[in-house]
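What follows is a short report on a single structure.
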Amino acid sequence: LVWLLLLSLAWLGPVLGEEQKDGQVGAEEEKEKEEDEVLSDEIKEEDNVLVLHEHNFARALSEHRLLLVEFCECPHCGQGCGQGHIVGRDRGVGQGLWAGGWWHREGCQPVERCRGDVRVPLHVTGRMDTQGIVRWMQRRAGPSATLLQDTDTAAAFVDSQDLVVVGFFKDLGGKAAQVFYEVAAEMVDVPFGVAEAAELFQAYGLSADTVCLFKKVRRWPGVVGSSWLPASPHQPLPWQFDDRQTDFPVDPEQGLDTAELMQLIRVHSLQLVMEFTNEVRAVPVPISVLRGPSSLCPHPPPPPQTSNQIFSAKIPHHMLLFLNKSSSEQLLLQESFRAAAGAFRGEVLFVVVDVNGHGADVLPFFGMTPADAPTLRLVRMENNRKYQMDQDTFSAAAIGSFIRAVLDGRVKPRLLSAEPPEDWDTRPVKVLVGKTFEQVAYDETKNVFVKFYAPWCSHCQAMAAAWEELAERYKDHEDIVIAEMDATANELENITIHGFPTLHYFPAGPGRKMVEYKSTRDVETFSKFLENGGTLP
Ligand SMILES: *[C@@H]1O[C@H](CO)[C@@H](O)[C@H](O)[C@H]1NC(C)=O
Ligand SMILES: *[C@@H]1O[C@H](CO)[C@@H](O)[C@H](O)[C@H]1NC(C)=O
């Protein structure tokens, strides 16, 4: 359940946003302990993983062509590498070697993985489980794209997966081909092939350098009466498949651009309409979340597996159709939804959410219940604002013009708000909701200190007692209000919460000022901050 909640939150916060980080943890203490460290550059091995530190790091870099390093928390303030050892057991892929070590620079570094060859580290992208990392490493260790020699191998390659990418280049040593290889090394989830032979250019109808996507397209057969309706609502709809080749000619002047090519492939590797099917699987938590020195729950947390595709596509808007898939009537709505999707490819991702299935877990973040289906929502990913039609209309034309209106800024977002609890102001910590926030926080006679939290966030739970104590301490101060708001159930027009907990101080007086509190979360420091009028000495 925790995973589902985390996942659902990707619609609650800006997916493209930065993760916040806390720095500075006891830097002086570390310095002292550091003196005790061994200064030798000897490299020890544990479980097939080289154990690196600042004194043997350079040596390891010089001794191996490729070095995959997991930067752990430094041992002064956390544990050593763990996950790295799991990967290390699969050692032997290409000429890559795995190493775990800590690197001590300006306090503790967040956990990250990077490739340490030629001293220009590359961050590992994609799935952070063993398989994902091994695949990433394979792409780096050998050629990242398969060379297709003749029509038979090309045909077999194209047929091997639902989506493959083939680069046709007259000169595989040329610049465009190099960019293609780079992209292939990065996008480890998609198979990449390259072709140089004239025979292949001809077979695929090409005359100049071109990147081709081969995709098995699921095709809606069209409604003939209602004969396509599945016998049981749980049976998959009878899509038809066909192979489709999409050509992206390489501009002879501009060449290939890495970022552009990656985005192009990402956008086109998605189905026109995605279904939100978040299978509950044990997914390794990305390491930076588990063990980074940051004491903020990232918001949103990186999404796992199935919805990974939806959220990692970096498409700026998501159009969601919530429906009850057990209702054959509602199933029909998918057709016009799909018909509207084509015009917005790359700009708006269309997603179907089954309110009876895994989609049920997403509903609270939209303030909805299964009975609200069928309904539509548009989400602007940048700030997680949600938009809704005055009255749901499911025709392709209505969906299209609604999206246009939102994109043109003609529709106001709909903000979530819970109902204020009856006893919201009887306890020391005042409970705010979206509807009451404005009136309390911006009261010009009060200094208001607000904790924005998520119910599942462990860092929020850890500071809950301190917040209660603070409120208790100031409950008799007429001009001070200590408050909290569940930011997963309440949204504000002009304040977007990026991480939990976020603490904002709204000083008394005109001007609607807001000060973010970023220091230690304990009662004494909170008090000092309040006594000082919203700053720390
Ligand atoms: C979904 O549809 C089925 C079939 O019409 C119905 O029995 C069920 O109650 C519906 N569920 C909800 C939550 O409306
Ligand atoms: C949000 O900001 C806009 C533009 O600055 C302003 O017009 C609006 O009143 C603000 N709304 C709230 C609730 O503070």
Side-chain angles (χ1 to χ4, degrees), residues 1-12 218 220-239 271-281 300 303-307 310-311 318-341 349-379 384 386-396 398-399 402-403 413-419 433-434 454-456 486 488-491:
L1 183 65
V2 170
W3 264 111
L4 286 173
L5 289 177
L6 291 178
L7 169 66
S8 319
L9 278 160
W11 270 317
L12 197 79
R218 286 155 167 258
W220 187 258
V223 185
V224 184
S226 60
S227 59
W228 57 269
L229 270 182
S232 136
H234 295 292
Q235 253 171 23
L237 290 168
W239 299 102
Q271 306 284 349
L272 194 53
V273 175
M274 300 290 290
E275 182 167 348
F276 184 78
T277 51
N278 170 41
E279 292 157 41
V280 188
R281 276 195 250 169
Q305 306 292 56
T306 42
S307 48
I310 291 176
F311 294 116
H318 290 183
M319 182 74 202
L320 310 177
L321 169 60
F322 292 89
L323 47 79
N324 172 359
K325 284 195 112 181
S326 309
S327 150
S328 44
E329 217 171 283
Q330 292 193 24
L331 274 178
L332 272 170
L333 300 174
Q334 292 184 109
E335 196 196 354
S336 52
F337 189 63
R338 162 167 296 269
L349 180 63
F350 281 57
V351 183
V352 170
V353 182
D354 180 10
V355 298
N356 286 332
H358 301 301
D361 301 293
V362 177
L363 298 179
F365 302 102
F366 290 86
M368 285 167 41
T369 67
D372 291 320
T375 185
L376 295 158
R377 293 290 185 280
L378 185 68
V379 186
N384 197 39
K386 304 175 185 79
Y387 300 82
Q388 182 179 358
M389 288 182 183
D390 290 334
Q391 179 144 34
D392 281 313
T393 314
F394 299 94
S395 71
I399 293 172
F402 169 69
I403 294 175
R414 185 191 152 98
L415 302 171
L416 278 184
S417 175
E419 285 305 315
V433 295
W456 49 262
D486 176 353
T488 65
N490 298 283
E491 293 169 321

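When a ligand or atom number is given, it counts from 1 through the structure's own listing order. Just so it is clear, the structure is predicted and the values come from calculations on it, not from any experiment. In what follows, residues are counted from 1 in the order of the sequence shown.
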Q: Answer yes or no: is there a donor N or O on one side and an acceptor on the other, between the side chain of Asn490 and the main chain of Val433, under 3.5 Å?
A: no

Q. Which of parallel (below 30°), tilted (30 to 60°) and perpendicular (above 60°) describes Phe337 and Phe350?
A. tilted

**Q.** Smallest separation among heavy atoms of Asn356 and Ser326, with atom names
**A.** ND2-OG, 3.0 Å

Q | Taking atom 4 (C) of ligand 1 as the reference point, the nearest protein heavy atom with its distance | A | Ser326 O, 3.4 Å

Q | Protein residue, atom and distance nearest to atom 14 (O) of ligand 1, heavy-atom basis | A | Asn324 ND2, 3.5 Å

Q: Identify, by atom number and element, the atoms of ligand 1 in contact range of Pro370, meaning under 4.0 Å from any of its heavy atoms.
A: 13 (C)

Q. What do you think, any protein heavy atom under 4.0 angstrom from atom 7 (O) of ligand 1?
A. no

Q) Would atom 11 (N) of ligand 1 count as contacted, meaning some protein heavy atom under 4.0 Å? A) yes

Q: Output the distance between atom CG (Asp372) and atom CG (Asn324), rounded to the nearest 0.5 Å.
A: 12.0 Å

Q) Would you say Phe366 and Leu320 make side-chain contact, with heavy atoms under 4.5 Å? A) yes

